[in-house]
Amino acid sequence: MPELPEVETIVRELARTLPGQRILQAKVFRPDVLREPPHIFCRAVAGAEIQSVNRRGKNIVLSLSPSRILVVNLGMTGRLLHLPPSHQVAPYPHRAVDFLLHSGGALLYTDSRRFGRAALFSEEEWERESERLGPEPLSPDLTVQAFHRRLTRSRAPVRSWLLDQTHLAGIGNIYACEALHRAGIHPLRKASSLALSQSGRLLRALRDVLTEALEARGTSLRDYRTATGEEGGFLTSLRVYGREGRPCVRCTTSIARIVLSNRSAFFCPRCQPETSSWRP
DNA sequence: AGTGTATCCTGCAGGC
DNA sequence: TGCCTGCAGGATACAC
């Protein structure tokens with residue numbers, strides 16, 4: 001899916017244009033992306049004003065007035081597109097929900113695989129949901145020591161640990177693999193086996209790759225688009241993800257792929273040795 | 001309790 | 001060309 005950089009890109013675009021706009025009407029084409037029955041959902045958002053657009057992990061969080069929180073998780077293939085007034089809605093495939101705006105524009109929620117979800121919460125409900133997620137990796141509040149403590153509580157492979165949103169919010173398979181390569185850590189390393197210095201390198205690598213990807217407005221492997229429909233530019237900067245059999249950009253060793261928890265993990269066998277600790 | 005597996009769903013690329 | 005298989009950026013219910 002859209003991971004942190006992709007979701008943040010969408011949120012920043014929407015935050016420039018949506019606040020102050022009123023939802024005239026919602027049209028539901030795919031009820032299975034909703035948590036509540038379509039008529040309840042439509043009644044709750046009709047006439048609501050969008051006050052702010054924020055991100056928590058991979059979730060897009062729209063605060064509505066009267067006070068409801070609309071949370072959209074894009075899953076693997078979801079898109080949230082803001083169309084200006086007089087823009088045709090018809091050409092967009094896989095529309096799940098259309099939000100028609102008072103201004104004449106529209107917010108389209110599309111999703112071919114429909115792994116994404118949109119749900120309404122009260123502020124208290126969303127606060128509780130949000131507390132179930134781990135810390136934001138880019139937050140300065142997250143110290144290396146706290147990150148290390150969390151890591152060492154788990155015997156799971158570090159790649160699996162990174163994908164668990166209750167440990168850290170916003171990391172997906174692409175950036176997990178990319179950060180592990182940058183940190184020189186094998187994806188199968190037990191989280192609990194990392195030394196403090198390695199946890200520090202990993203947190204640094206995560207922040208670096210997320211920040212660089214954000215500057216490029218995300219990675220478009222296939223489905224991801226920004227809120228204005230454009231592709232992200234980070235694909236060509238990936239060092240391991242999707243590069244099985246191609247040379248490592250650092251040491252030219254052939255990039256390997258293993259399957260871990262039903263998901264591919266890409267890594268360089270030389271830069272990310274399985275046993276020994278990282279060496280400069 | 002923590003971890004791994006199967007599953008939801010569609011589309012596309014590659015092999016034959 | 002066309003059919004078949006495998007694979008895909010995520011989350012979660014379930015079994016162990």
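Keep in mind the model is a prediction, meaning the values are calculated, not measured. Every chain is numbered from 1, with letters handed out A, B, ... down the list of sequences.
Residue A:Thr219 is classed as a base contact, given a heavy-atom separation below 4.0 Å to a base. At a threshold of 4.0 angstrom between heavy atoms, the contacts of A:Ile174 are confined to the sugar-phosphate backbone, with no base atom among them.
A salt bridge links A:Glu13 with A:Arg217; the closest basic N to acidic carboxylate O contact falls under 4.0 Å. A salt bridge links A:Glu231 with A:Arg225: at least one charged nitrogen is closer than 4.0 Å to a carboxylate oxygen. Using a 4.0 Å cut-off between charged side-chain N and carboxylate O, A:Glu129 and A:Arg132 make a salt bridge.
Counting to the nearest Å, the P atom of C:dA11 and the CZ atom of A:Arg132 are 12 Å from each other. Between A:Leu162 atom CG and B:dT3 atom C1' there is a gap of 15 Å when expressed in whole angstrom units. For the pair A:Phe266 CZ and C:dA8 P, the computed distance is 6 Å after rounding to whole Å. Atom-to-atom, CG of A:Leu133 to C1' of C:dT12 comes out at 14 Å; the value is rounded to the nearest Å. Spacing between atom CD1 of A:Ile60 and atom P of C:dA11 amounts to 12 Å, rounded to whole angstrom units. Taking atom CG of residue A:Asp111 and atom C1' of nucleotide C:dA8, one finds them 13 Å apart after rounding to whole Å. To the nearest angstrom, C1' of B:dG2 lies 10 Å from CG of A:Asp164. Here the P atom of nucleotide C:dT12 and the NE2 atom of A:His167 are 14 Å apart, to the nearest Å.
Judged by distance alone, the side chain of A:Arg150 and the main-chain N or O of A:Pro135 form no donor-acceptor pair under 3.5 Å. Without hydrogens or angle criteria, A:Glu49 side chain to A:Pro19 main chain gives no donor-acceptor distance under 3.5 Å. In this structure, A:Arg117 contributes its side chain and A:Arg114 its backbone to a donor-acceptor pair below 3.5 Å. No donor-acceptor pair under 3.5 Å is formed between the side chain of A:Gln25 and the backbone N or O of A:Ile23. With hydrogens and angles disregarded, no donor-acceptor distance shorter than 3.5 Å links the side chain of A:Glu3 to the backbone of A:Gly170. Proximity of a side-chain donor or acceptor of A:Arg243 to a complementary backbone N or O of A:Pro247 within less than 3.5 Å is detected. Judged purely by atom type and a 3.5 angstrom limit, A:Gln21 has no side-chain atom pairing as donor or acceptor with the backbone of A:Ile50. With A:Ser112 contributing its side chain and A:His94 its backbone, the two residues share no donor-acceptor pair below 3.5 Å. Under the 3.5 Å distance criterion, the side-chain polar atoms of A:Thr152 are matched with a main-chain donor or acceptor of A:Arg149.
For B:dG11 and C:dT12, the C1' atoms lie 23 Å apart once the distance is rounded to whole Å.
The ring-ring contact (aromatic ring centres under 6.0 Å, His included) search around A:Phe266 returns A:Tyr241, not counting sequence neighbours.
A:Phe147 CZ to A:His167 NE2: the interatomic distance, rounded to the nearest 0.5 Å, is 11.0 Å. Annotation: the span from A:Leu202 atom CG to A:Gln198 atom CD amounts to 9.0 Å, rounded to 0.5 Å. Put simply, CG on A:Leu206 and CG on A:Leu138 are 9.0 Å apart, with the number rounded to the nearest 0.5 Å.
Of the two residues near DNA chain C, A:Glu129 and A:Glu3, the one whose nearest nucleotide lies more 5' is A:Glu3.
For residues 226-249 of chain A, proximity to DNA chain C is found at A:Tyr241, defined as any non-hydrogen atom under 4.0 angstrom from a strand atom.
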Under 3.5 Å, which protein N or O atoms sit close to an N or O of nucleotides 4-6 of chain B? Give each pair with its distance.
| from | atom 1 | to | atom 2 | distance (Å) |
| --- | --- | --- | --- | --- |
| B:dA6 | N7 | A:Asn262 | ND2 | 3.1 |

Write down the protein N/O and nucleotide N/O pairs, taken from nucleotides 13-16 of chain C, whose separation is under 3.5 Å; answer none if there are no such pairs.
none

### Query
Based on Watson-Crick and G-U pairs with both distances under 3.5 Å, what dot-bracket line describes DNA chain B 5' to 3', crossing pairs as [ ] and inter-strand pairs as |?
.|||||||.|||||||
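At least one side-chain nitrogen or oxygen of A:Gln165 sits closer than 4.0 Å to the OP1 or OP2 atom of C:dA11. Look at A:Asn73 and you'll find a side-chain N or O under 4.0 angstrom from OP1 or OP2 of C:dA11.
In this pair, A:Phe115 lays its aromatic ring flat on the base of B:dC8, centres within 5.5 Å and planes under 30 degrees apart.
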### Protein-to-nucleotide contact annotation, 5' to 3' order, nucleotides 10-16 of chain B [B base; S sugar-phosphate only; - none; under 4.0 Å, heavy atom]
BBS----
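With no hydrogens or angles considered, a side-chain donor-acceptor pair links A:Arg257 and A:Ser264 at under 3.5 Å.
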